[in-house]
Number of protein chains: 2
Amino acid sequence: MDDLTEMLKGTLEGCVLEIIGSEETYGYAITRRLNELGFADVVEGTVYTILLRLEKNGFVQVTKRPSGQGPPRKFYALNDAGRDELAAFWVKWEYVTERIAKLKEGGK
Amino acid sequence: MDDLTEMLKGTLEGCVLEIIGSEETYGYAITRRLNELGFADVVEGTVYTILLRLEKNGFVQVTKRPSGQGPPRKFYALNDAGRDELAAFWVKWEYVTERIAKLKEGGK
DNA sequence: TAGTGGTACTCGGTACTACAAGGTACTCGA
DNA sequence: TCGAGTACCTTGTAGTACCGAGTACCACTA
């Protein structure tokens with residue numbers, strides 16, 4: 001699959017929120033998860049910038065824990081604002097995909 | 001619906017290609033069509049920049065025709081490269097929506 | 001004990017895209 | 001003649017993902 005980066009703009013953040021929402025986890029693991037899911041080109045730098053943004057916007061709660069196999073990990077969990085943001089993301093996503101599906105059918 | 005602009009990045013160009021592909025048309029009408037379809041905030045300036053990009057990249061054939069109700073219109077039609085690009089867009093779109101659906105289900 | 005590879009986070013700069021805001025210009029009806 | 005609707009264009013800005021490089025810690029092994 002060629003370059004998806006432009007298409008992922010605005011959706012990657014939602015994906016990260018979803019991953020954090022389903023389980024408290026940390027940046028490196030999130031990157032791995034996204035790669036597994038098929039977003040092969042997403043790199044660590046991107047995920048960390050998203051995580052910093054989420055933190056700055058107050059959507060997550062951060063806990064630092066020693067790792068045992070490297071430097072300490074920063075674990076992220078959603079707070080209430082984060083859950084709201086995630087819900088809003090899915091609403092937007094549904095809206096957009098629905099409209100584009102309609103467009104594709106040549107529909108009115 | 002609040003701001004969709006970030007989510008539309010990378011997909012709006014495909015939408016415009018699809019519209020042009022189904023019928024030879026012009027910028028102003030494309031904007032109207034997108035607004036009708038539910039992309040209410042898409043403005044003319046955005047569509048024109050996309051059209052110029054498509055032209056520069058050699059995906060469209062342009063024909064100027066007098067309008068009778070305003071300045072002359074620039075009609076756009078897809079050429080072979082444009083049809084290829086459109087097909088590639090849908091492949092990418094399917095890919096991304098599928099992965100995100102999987103993510104949403106919490107699936108592996 | 002030095003080297004390698006995997007884990008884990010950070011940061012500055014760049015490219016691309018959609019939008020904001022303003023302008024130009026043509027036609028028609030009041 | 002003036003406004004509204006049609007139609008196009010341009011410059012600048014903001015947001016987002018990526019690139020590339022750096023830091024650091026640990027386990028294993030030659």
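Note: hydrogens, waters and symmetry copies are ignored here, and every other heavy atom, side chains too, is used. Chain letters run A, B, ... following the sequence lines, proteins first, then strands; residues in each count from 1.
Residue contacts shown for A:Leu51 are absent, as no nucleic acid heavy atom lies under 4.0 Å away. Across all strands shown, B:Thr46 has heavy atoms under 4.0 Å from base atoms, whether or not it also approaches the sugar-phosphate.
The shortest distance between the side-chain N/O atoms of B:Lys74 and the OP1/OP2 oxygens of D:dC9 is below 4.0 Å. In this structure, B:Tyr48 does not reach the D:dC9 phosphate: none of its side-chain N or O atoms is under 4.0 Å from OP1 or OP2. Regarding contacts with the backbone of D:dA7, a side-chain N or O of B:Ser67 is found under 4.0 angstrom from either OP1 or OP2. For D:dA17, one of the phosphate oxygens OP1 or OP2 lies less than 4.0 angstrom from a side-chain nitrogen or oxygen of A:Arg53. Checking the phosphate oxygens (OP1, OP2) of D:dT6, a side-chain nitrogen or oxygen of B:Tyr28 falls inside 4.0 Å. Put simply, A:Tyr26 has a side-chain N or O that comes within less than 4.0 Å of OP1 or OP2 on C:dA8.
Of the candidate nucleotides D:dC18, C:dA25, C:dC19, C:dA25 has the atom nearest to the side chain of B:Pro71. Nearest nucleotide to the side chain of B:Gln69, out of D:dT6, C:dC19, D:dC18: D:dT6.
The base of D:dC8 lies close enough to the side chain of B:Glu44 for a donor and an acceptor atom to sit less than 3.5 Å apart. In terms of polar N and O atoms assigned as donor or acceptor, the side chain of A:Lys9 comes within less than 3.5 Å of the base of C:dC16 in a complementary pairing.
Taking 4.5 Å as the limit, some side-chain heavy atom of B:Trp90 sits within range of a side-chain heavy atom of B:Glu18. B:Ile100 places a side-chain heavy atom less than 4.5 Å from the side chain of A:Thr11. Between A:Arg99 and A:Leu103 there is no side-chain heavy-atom pair separated by less than 4.5 Å. Contact check for B:Thr97 versus A:Trp93: side-chain heavy atoms found under the 4.5 Å cut-off. A:Ile20 places none of its side-chain heavy atoms less than 4.5 Å from the side chain of A:Leu86.
To the nearest angstrom, C1' of C:dC19 lies 9 Å from CG of B:Asp3. Spacing between atom CD1 of B:Ile30 and atom C1' of D:dA7 amounts to 12 Å, rounded to whole angstrom units. As rounded to whole Å, 8 Å separates atom P of D:dA17 from atom CD of B:Glu6. Look at CD1 on A:Ile50: it is 9 Å from P on D:dT16, rounded to the nearest Å. Atoms CG (B:Leu12) and C1' (D:dT16) sit 15 Å apart, rounded to a whole Å. Regarding B:Leu4, its CG atom lies at a distance of 12 Å from the C1' atom of C:dA18, rounded to whole Å. With rounding to whole Å, A:Leu34 atom CG is found 15 Å from D:dT16 atom C1'. Residue B:Tyr76 contributes atom OH, which lies 10 Å from atom C1' of D:dC9 at whole-angstrom precision.
Proximity of a side-chain donor or acceptor of A:Asn35 to a complementary backbone N or O of A:Val42 within less than 3.5 Å is detected.
With the nearest nucleotide of DNA chain C identified for both A:Phe75 and B:Val43, A:Phe75 has the one nearer the 5' end.
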